[in-house]
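Order of the sequence lines fixes the chain letters, A, B, ..., with proteins taken first and strands second; residue numbering starts at 1 for each chain. No experiment lies behind these values; they were computed from the predicted model shown. What you see below is based on every heavy atom in this structure, not just the backbone, and it leaves out hydrogens, waters and symmetry mates.
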Amino acid sequence: MIKVENVVRNYHAGETVVRALRGVSLEILKGEFVSIAGPSGSGKTTLLNLIGCIDQMDGGEISIKDEVISTMKKKEKTNFRRINLGFIFQTYNLIPVLTAYENVAFVLSLLNLPEKEVNDRTMAILKEVGLEGMEHRRPSRLSGGQQQRVAIARALVKNPEIILADEPTANLDSETGKEILDLMKEMNEKHKTTFIFSTHDSMVMDYASRLVMLHDGQIFSDKRR
Amino acid sequence: MKFLISLAFKNLTRYKRRTLITAGAIAVGLMMYIFIDSMLMGAEIESVRNLKWYETASARILNEEYWENRHQKPLDISIKNPDKIIRKLEENGIMATKRMTFSGDLILNSDDFGEDGNLPVSVTAIDPERDSDVFEFGSTLMDGRFLESGEDGVLIGSWFAEDIGAKVGYWITFVGRGNAGYVAMDLEIVGILNCPNPNVNRTLLMMPIATADEYLAMDGAATEINVALPENADVDSDVIRIQELLNGDNLTVMSWKAMAADYLALAEAKRGGSGMILFLIFIIAAVGISNTMLMAIFERIKELGMMRSLGMSDGKILLAFMIEGAGIGIIGSVVGVLLGIIANFILINVGIDYSFILRDMDIGYRIQAIFRGVWNPGTMIKAAILSVLFSTLFAVVPTFRAIRTDIPACLRHQ
């Protein structure tokens, strides 16, 4: 489903070149629950960003569902993300002025779906992630775990084939983190959505069905469980 | 679109203080624009009215050679048969009155004025029975009475009277050159006029034309015939019409615009200068709004990164911020127009008293003391629409800058 071939990504800090990814190759199958793990600066987020079509690579090729995303133009990438990818961020990144319902419905409004379908799908997914009755609360009136549930609902509501999550539990206590991972796992099994998430937390790694370890921009271990 | 409007509205209420400050800047700018525009327009309307009522009339008939030599106030370049022309004009429904303007020396006697003295003056001789058909001096009398035909009396402007210490009942002597040589006239000040036109009020001396005619041996001639035209008349075409009526009389007709060309040029220059001030106010407001929008956008750059990563197009992001800018513009415009209406109401009914400047300084406007505004809904609507338009456009540049930032950088933004 996702093919990463010999991907290189360098960052320039003045005259210094930081080699974030040094020829990473990887293939991820549909429905996998993959953890990209490694210490800080190992290239986890960079790899997720490249798969998520929000960053430009300096070498190599990435294709998703047989579409080569590395050669796509900006507008094509935007359209591709809108239809095929869901994102979950470490800091939730909810829109503070919108309610939980509106934050989720926002994604469907980008797809120009009929109002009734937007309403039905939003209510259904909020119920599924355990936020029934909290639809009209703004993020400021939700706990960290509840906010991340909204973020998961937002990622899932358009039924994407791939969800990318950058350290989804890093801002949560361990108990809430487990709840979120359980929810992600449940959604992965139920919807057969491919989840790729980055972490440096061993507890989070344990949840993954496949663990890809990065070190200094290179894969040094890739294990399926 | 509905979502974008809702999001923009919610963001405006989310950053209440910033929204209010920015909208407040627009409102104050707009109010000042409405206020200044109203004051300038009011000053121009009143100046033109005071020009026509007290200085030039709507139009003036002169000997063809008079205008070129007007500064010498020649009595020999005159209209020989003014009454005949006035009758002809009246037959054609045009009100007119003759006048004679001449210069000479005013002699002040110590008996009345405390000390002897003299100064050069210009005297306007009027037909007391017909002058008010064209001019409006009758309503400006502040002391004494108006002139009577044939008397040795004189009216004086209140500022002039104040400057020389003249009072009703004082006598002055005028020495000038008439068609039969030098003459001296002893004239009693019968009234003091408070003319709203400062240029006139500063120097005004008026006497009956019959008396002046006798002293100066004018034999019924006048130096000018002043014509009153309706308020909304097309002066230029009326001037042509009057010129046709006078055909063959060696006379010329000048509109008030031609006579007051200096004033109109000055007013135009003032409009340009005021426009520059308004432009500066606009630039200051523009920089403020642009800066606020820039702050608003960069404060939400992480949110922007999230929206873009979820597939929101650059066009929609731009539209969202433009709607937000428009929202601020609408709030600012509504408040600005309301404040402008209040300020304008005060300006129209109370006005601003500039007499402390205008008493001793000629700034070109024919206004003696109080500047009043006028209602100009066109300006208000135009200014309000432009405010909304500009505040919408001011959102474009910072949004473009934010859109050019790559998404990971937006997401990392703290």
Side-chain angles (χ1 to χ4, degrees), chain A residues 9 11 20 45-56 74-99 101-113 115 118 138-140 151 154-155 157-158 160 163-167, chain B residues 1-20 293 295-321 323-325 327-328 331 399-414:
Chain A
R9 179 67 170 117
Y11 293 111
T45 302
T46 303
L47 182 57
L48 278 185
N49 287 346
L50 289 172
I51 295 170
C53 311
I54 59 174
D55 200 0
Q56 292 281 352
K74 192 181 173 187
K75 204 170 179 183
E76 289 172 324
K77 281 185 178 178
T78 303
N79 291 336
F80 187 83
R81 284 196 305 270
R82 184 162 54 233
I83 296 162
N84 298 293
L85 303 179
F87 286 85
I88 300 168
F89 304 96
Q90 180 183 335
T91 50
Y92 329 129
N93 284 359
L94 301 178
I95 302 172
V97 287
L98 302 183
T99 61
Y101 173 90
E102 289 166 334
N103 264 289
V104 176
F106 154 66
V107 180
L108 296 178
S109 77
L110 297 178
L111 298 172
N112 296 321
L113 297 177
E115 207 167 313
V118 170
R138 285 192 180 182
S140 58
R154 182 177 65 186
V157 72
K158 62 183 176 186
I163 288 181
L164 301 158
D166 188 12
E167 310 228 20
Chain B
M1 190 68 180
K2 192 179 157 192
F3 170 79
L4 294 180
I5 293 170
S6 161
L7 181 65
F9 178 75
K10 286 178 177 176
N11 274 321
L12 288 176
T13 54
R14 167 188 179 186
Y15 300 103
K16 278 193 194 79
R17 199 164 64 176
R18 181 186 301 147
T19 302
L20 289 176
M293 287 308 293
M295 279 169 60
I297 289 165
F298 276 82
E299 214 167 81
R300 270 185 274 153
I301 201 152
K302 198 168 182 177
E303 199 175 300
L304 255 170
M306 177 276 292
M307 288 172 165
R308 289 168 67 196
S309 58
L310 295 184
M312 191 168 182
S313 66
D314 290 353
K316 277 194 174 171
I317 288 170
L318 183 64
L319 189 60
F321 280 101
I323 292 170
E324 219 171 294
I328 292 175
I331 297 168
T399 309
F400 264 128
R401 280 183 63 182
I403 289 170
R404 275 208 304 270
T405 311
D406 61 33
I407 298 174
C410 289
L411 291 170
R412 277 196 307 272
H413 194 268
Q414 292 302 317

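- Contact check for L310(B) versus F106(A): side-chain heavy atoms found under the 4.5 Å cut-off.
- Looking at F80(A), there are no atoms closer than 4.5 Å to chain B (heavy atoms on both sides), in backbone or side chain.
- Of the inter-residue distances, the one linking L411(B) atom CG with F87(A) atom CZ reads 8.5 Å to the nearest 0.5 angstrom.
- Using a 4.5 Å cut-off between heavy atoms, F89(A) touches chain B through its side chain atoms alone.
- With rounding to the nearest 0.5 Å, the separation of CZ in F3(B) from CG in L98(A) is 5.0 Å.
- L4(B) does not touch chain A: none of its heavy atoms, backbone or side chain, sits under 4.5 Å away.
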List, with distances to 0.1 Å, the donor-acceptor pairs found between chain B and chain A - the cut-off being under 3.5 Å and no angle criterion applied.
unit_1  : atom_1 : unit_2  : atom_2 : d
K10(B)  : NZ     : E102(A) : OE1    : 2.8
K10(B)  : NZ     : E102(A) : OE2    : 2.3
K302(B) : NZ     : T91(A)  : OG1    : 3.2
R308(B) : O      : R81(A)  : NE     : 3.2
R308(B) : O      : R81(A)  : NH2    : 2.9
S309(B) : O      : R81(A)  : NE     : 3.2
G311(B) : O      : R82(A)  : NH1    : 2.6
D314(B) : OD2    : K74(A)  : NZ     : 2.7

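- Contact of the M307(B) side chain with the I95(A) side chain is registered, since non-hydrogen atoms from C-beta on lie closer than 4.5 Å.
- Heavy atoms closer than 4.5 Å to chain B are found in both the backbone and the side chain of I54(A).
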